[in-house]
Structures are given as C-alpha cells and as structure tokens.
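Remarks on the structure that follows.
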Amino acid sequence: MIVTRFAPSPTGYLHIGGLRTALLNYLWARRNGGKFLLRIEDTDFSRNDEAAALAIVEAFKWVGLEHDGTIEYQSSRLAIYQEYVQKLLDSGKAYKCYMTREELDALREEQSARKERPKYDNRYRDFTGTPPEGREAVIRIKAPLEGTITVHDGVKGDVVFNVADILDDFIIARADGTPTYNFVVAVDDALMGVTDVIRGDDHLSNTPKQMVVYEALGFPIPRFFHVPMIHNHEGKKLSKRDGATDVMAYKTLGYTPEALLNFLVRLGWSHGDQEIFSMKEMLELFDPNDINRSASVYNVEKLDWLNAHYIKNTPNDKLCELLEFHGVMLVSHDKREILLDALKERSKTLVEMAAQINEILVRPEMFDEAALKKGYKEESPMILKTFAEALRNASELHLPSDYHHVMEEVVAKLEIGFGKIGQPLRIALMGKLSGPGLDTVMAIIGVDETLARIEALLNH
Ligand code: GLU
C-alpha cells in the first residue's frame, strides 16, 4: 500500500507551495487506494500547535482534500522519540558527547582556519572513560565515516552525496532531551508507515541524514520525490510580492478550488500538452515519476485563465453558492439564470463576477462624465422617451429577445442606427458605456426598473 504524508511546519496558514505538496501526495495516495496522512511538525515541544492544524484543515476543506486518520503532532510524540534515541544508545549506534560550546567553537575556528568544512571530530565516538564532571551530554548518531550515500530520487534520479562533504555524527537529541529535526522526521515517517515522500527539493540535503537514521533503526527507506520549488518570473523563490501565499487568500480573491488545484498540479507536472485537469483526471493520471526536474514558474495569468474556464463551466446553482461568499445573494432572484449565463463567460474571478452582477442589479448612483459626453447627445432624451413609451405599451416583456424587439421597433420608427439608442440607454442602465448586452440587462432588472433608470437619466 502506498502511504504518503503532508508534514507542514506550523506557520498559521497553508502556504500555496505547501498546498501543491499536499495535493501531489494526496493524488498519489488516492490513485493507489493508499493513505494520505497529516503531521504537524511543531517541534518546540512546549504545546500542541492546534491552530496550525486548524488552518490547514480549513484550507483542505475549501479545496476538497481530505487526509486519513488522526492528525499527528510532533509535540505529542516526545516520549516516542526518546524511546528511539535510547534504542540507538543501547545498540551502540548513538553515543553521548560531552563537548562544551567553547570546545565546539574552538574546533570550528581551527577548521575554518584550515579552510575545512566545520564538522564534529568524533572525539566521543568511542569514549569509554568517565564523563567529565558536571557536563551535560548531547546524543550523536554514528554516521558513515566515508564513502557515498545515494538518494534514489523519483524526480532527480540518483543523487550521490559524498559523506565527507555533508555528514558528521550529527546530534539527534539535545542536552535537554529534545530530539532534532532530521531524527524525528525519519522516526515519524517510519512509524507512520510512509512509503513515498513527496516534498520540496529544499529538503533534499536533509535526506542523507534521514537515511542514516532509517538505517541505524533498521527501518526501510521510503521512495523519495523531491519537487523543484515554485519560482517567480525572475527565477527567485515565490514571495508575497508575486502573489498571495496564503491559500485562503485565493478564496477571498475569487478563485475556485478547482482552478487552484488545476493550477498547482501543472506547476511542475505535465501530461502531454493538456492544461485542464478535473480532479478525476488528476487522480487517473498523476504519477510523481513524471514530475519535471526544473523549477516551475508561478504565472497568475494562467491561474486567471483556468479560473475563467472553471467559472464558465460551473452550474448556476453552484455559482450562486460560491457568489454568496462574495456578498451576492441570488437564490430567490427570478432572472438568475439569464444573469449568470450572461456573466459567467465574462469573468476571470468570482470577485469580478460579483462586481459585474452588482453593476447590473444596483441602480447607478452616478453617470460617468466621459460616457455622457460621448454617448448622450441632443437627440438622446427624445430617443429614450420614445423607447420608454414603447416599453410601457409592450406586453409580455420577459426574455432579452422581447426587449430586443422593442429596441428594433424604435430604431425603425425613428429611422436611426442602433448606436443612437444603445449608447444613451447603456448610460441609463449601467451609468457607463460598458457591460453585457442591453437586452439582457433589461430582462434581468425588469421593465419597471428599466423605466426608472431611464427616468433618472432624463432628470439628470
Ligand atoms: N516540515 C517541513 C516543511 O514544512 C516538511 C518536511 C518534510 O516534508 O519532510 O517544509
């Protein structure tokens, strides 16, 4: 069985890059009928960081990801880690080191004077004497002294690390008994039965250390997939300036979860030249072995394009629900089908759509000066009055086409072009010269409101 996990360090919110990692792990587990676990890496051990977990679960809920089992908090697992530290001490694979801070500093200084990489010199590795008086010990693991460690990475291929360049007998538990990062990650992944680790390649250099822990404890080594970071257009790590980093901000900005997940899965993974992936397709197609080797570029235009696609293809009932979050209540609006059909092709985000809906439903408070200058001519009041009269006399005005017929009648009667009525009418209805089709707008707001808006412009 494939078991994956998402193991965020608590930041108080779910980072957009974190969601990508979570998604890839989720897809791989679900595709294989496996498990997708959630672990909060809150290693200060003073308290459970439940707020961190809540923020992640909230974001998961919004996008529709679900983890299996209970959430593990590293802060609750101290006793487990201590047990495994003790196991390594008992088996001679770890040892106590009594070196003081001053001794360590002195060693580092000598090494850097010799232009060597600072590393522990193994002075307590085989120590059997009496511990120096009054000193506290840290626990170090016995790492290989020479040779290489190869990470068989599903994305990067075989990555060979030279032991001399990256390892020493690193600390697995501090003097106060708290374990260190790479130790707990390896212990947790092993005990949680994680078979496939998909994570950012900023963790690649940790992997050999974690492999040392796996080996010392006799745990099988999982498969690794180190995913290149998400970059901005300048090739730097994504930052707040490039776009929202908090996943929930994307909800506020009017993105749909489907668009966001589609956007994220394509950051670093592809399947031919397909751009649109439903969750069903992602689940059928995603394979971490196909993750790209090079960094992927965050491109908000692409996200907007995907979002427009998903808005266009969202059923109106669902759209109504989504728009409520943006302050638009359409449940009981009798013309909501016409309204949504008219706007869903024109909106990049739900925020944009909500604004466009309000522009139609709310009577304009002002008329745009430039629009008046351009579109409201001497003959305009007469044309609008004639049109209003025709509307009053018309029976059965419901559909956009009904209103269109009245407009046609009026232009024929007055022997004018469509623009002569279109421009002033648009100003009356929308306060400006842009917006969706006028017949559609009138059908949505109804004849009384149309007449009231024409009246308001005539009195202006
Ligand atoms: N806690 C780490 C992070 O948030 C992830 C560790 C891992 O995936 O192994 O970057």
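One-based numbering along the sequence shown. When a ligand or atom number is given, it counts from 1 through the structure's own listing order.
Counting protein heavy atoms only, atom 1 (N) of ligand 1 is closest to Glu41 OE1, 2.5 Å. Atom 10 (O) of ligand 1 has His203 NE2, 2.8 Å as its closest protein atom, hydrogens excluded (heavy atom only).
Using a cut-off of 4.0 Å between Lys/Arg side-chain N and Asp/Glu carboxylate O, Arg346 and Glu352 are scored as not salt-bridged.
By the 3.5 Å distance cut-off applied to N or O atoms, Asp202 is not counted among the residues near ligand 1. Any N or O atom pair closer than 3.5 Å counts here, and Ala7 shares at least one such pair with ligand 1.
Heavy atoms of Ser9 found under 4.0 angstrom from ligand 1 belong to the backbone as well as the side chain. Only the side chain of Tyr181 comes within 4.0 Å of ligand 1, judged by heavy-atom distances.
Closest of all the heavy-atom pairs between Val155 and Pro228 is CG1-CD, 4.3 Å. The shortest non-hydrogen separation linking Asn316 to Asp341 is ND2-OD1, 3.2 Å.
In this structure, Arg5 contributes its side chain and Asp189 its backbone to no donor-acceptor pair below 3.5 Å. Counting only distance, with no hydrogens or angles, the side chain of Lys142 and the backbone of Gly92 share a donor-acceptor pair below 3.5 Å.
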Just distance, no hydrogens or angles: give the donor-acceptor pairs under 3.5 Å from side chains in residues 319-336, sequence neighbours left out.
{"from": "His333", "atom 1": "ND1", "to": "Lys335", "atom 2": "N", "distance (Å)": "3.1"}
{"from": "Arg336", "atom 1": "NH2", "to": "Asp317", "atom 2": "OD1", "distance (Å)": "2.2"}

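Those atoms of ligand 1 with a heavy atom of Arg5 less than 4.0 angstrom away are 7 (C), 8 (O), 9 (O). Close approach of ligand 1 to Pro8 (heavy-atom distance below 4.0 Å) involves ligand atoms 1 (N), 4 (O).
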